[in-house]
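Here is the structure we will look at.
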Amino acid sequence: MKTLIFATNNKHKLQEVSQLLEGVVIIKSLEEMGLDGEIPETSDTLQGNSLQKAQWVWDRTHTDCFADDTGLEVEALDGRPGVYSARYAGEHCSFDDNVNKMLHEMEGKTNRKACFRTVITLMENGVPRYFEGRVDGQILTERYGKEGFGYDPIFMPDRFAVSFAEMPLEVKNRISHRGKAVAQLVDYLRNNK
Ligand code: IMP
């Protein structure tokens, strides 16, 4: 089976994606590869950031790898925080800080439409290929649930009555931005063995 390094230090993402790629490829984490240090994310697009992360790993290992970058785009905030979702409440802020800021900025807003978008870059032999996923939903007015990470407690996907943080991982993976992008990656990997 093919081995791919996943360019993330986020344990939640690693768990989500490992479940989706089970039996398709062997995933190695940065930790397992002994790679540490801050991966750059200085682009102003999701595709640019995900390419930057995959390129960072490729340059150091010359091993096939992939990276993802995700943004939460909120209609009432003109698409913010988008590509800046990780640093929404400032450099080195926590998931909690970001959620608090979002709840505050959305106070009193009736249009609560939002979407998560993910771009995955697969780097094979140094050549990038992109996969995208999107999920639409609403920003809730308070936190619900303990699962997941990031903005999960305040995001309710369309056609569901619970937040991402109230769902078992299998359900989130079936409908989420990252789940959809990984499903395309899986299709590609299965058809190009
Ligand atoms: P990243 O740059 O792709 O790691 O993600 C940008 C920001 O979006 C981070 O603050 C994450 O917490 C958040 N984020 C990414 N994926 C998800 C998700 O599946 N649920 C909730 N928040 C997420």
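Positions are given from 1 along the sequence. All ligand and atom numbering here is 1-based and tracks the order in the structure. Nothing here was measured: the structure is a model prediction, and the numbers come from that model.
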Closest to atom 8 (O) of ligand 1 (heavy atoms only, candidates Ser163, Ser94, Ser85, Gly179) is Ser85
Parallel, tilted or perpendicular: ring planes of Phe66 versus Phe6, cut at 30 and 60 degrees: parallel
Quick look: Phe116 vs ligand 1, heavy-atom contacts under 4.0 Å, and the answer is side chain
| task | Determine whether Leu21 and Tyr188 fall in the same hydrophobic cluster, where Ile, Leu, Val, Met, Phe, Trp and Tyr are linked whenever their side-chain heavy atoms lie under 4.5 Å apart. | result | yes
Residue, atom and distance of the protein heavy atom nearest atom 16 (N) of ligand 1 read Arg178 NH2, 2.5 Å
query: Checking Thr121 side chain against Ala67 main chain: does a donor-acceptor pair fall under 3.5 Å?
result: no
Ranked by distance from atom 22 (N) of ligand 1, the top protein heavy atom is Tyr151 N, 3.1 Å
Heavy-atom proximity to atom 1 (P) of ligand 1 ranks first, among His12, Lys13, Glu41, for Lys13
for atom 23 (C) of ligand 1, nearest protein heavy atom and its distance come out as Phe149 CE1, 3.7 Å
Checklist entry - Angle class for the Phe155/Phe164 ring planes (parallel below 30°, perpendicular above 60°, tilted otherwise)? => result tilted
query: Sub-3.5 Å donor-acceptor pair from the side chain of Asp36 to the main-chain atoms of Glu31, do we have one?
result: no
heavy-atom search around atom 2 (O) of ligand 1 in the protein gives Asp69 OD1, 3.0 Å
If we number the atoms of ligand 1 from 1 as shown, the ones under 4.0 Å from a heavy atom of His177 are 16 (N), 17 (C), 18 (C), 19 (O)
Any heavy atom of Phe95 under 4.0 Å from ligand 1? The part involved is side chain
### Task
May I ask whether Lys172 has any heavy atom positioned less than 4.0 angstrom from an atom of ligand 1?
yes
In this structure, atom 20 (N) of ligand 1 is nearest to the protein heavy atom Asp152 OD1, 2.6 Å
shortest atom 5 (O) of ligand 1-to-protein heavy-atom contact is with Thr70 O, 3.6 Å
Checking heavy-atom distances from atom 9 (C) of ligand 1 to each of Pro81, Ala86, Gly148, Pro153, the winner is Ala86
For Asp69 and Val119, indicate whether the former's side chain and the latter's backbone hold a donor-acceptor pair under 3.5 Å.
no
**Prompt:** Is Asn10 near ligand 1, meaning one of its heavy atoms is under 4.0 Å from it?
**Reply:** no
For a quick check under 3.5 Å, do Gln15 and Ser18 share a side-chain donor-acceptor pair by atom type? no
Taking every heavy atom of Leu189 against every heavy atom of Lys2, the minimum-distance pair comes out as CD2-CE, 4.2 Å
Between Asp96 and Arg143, does any side-chain N to carboxylate O distance fall below 4.0 Å? yes
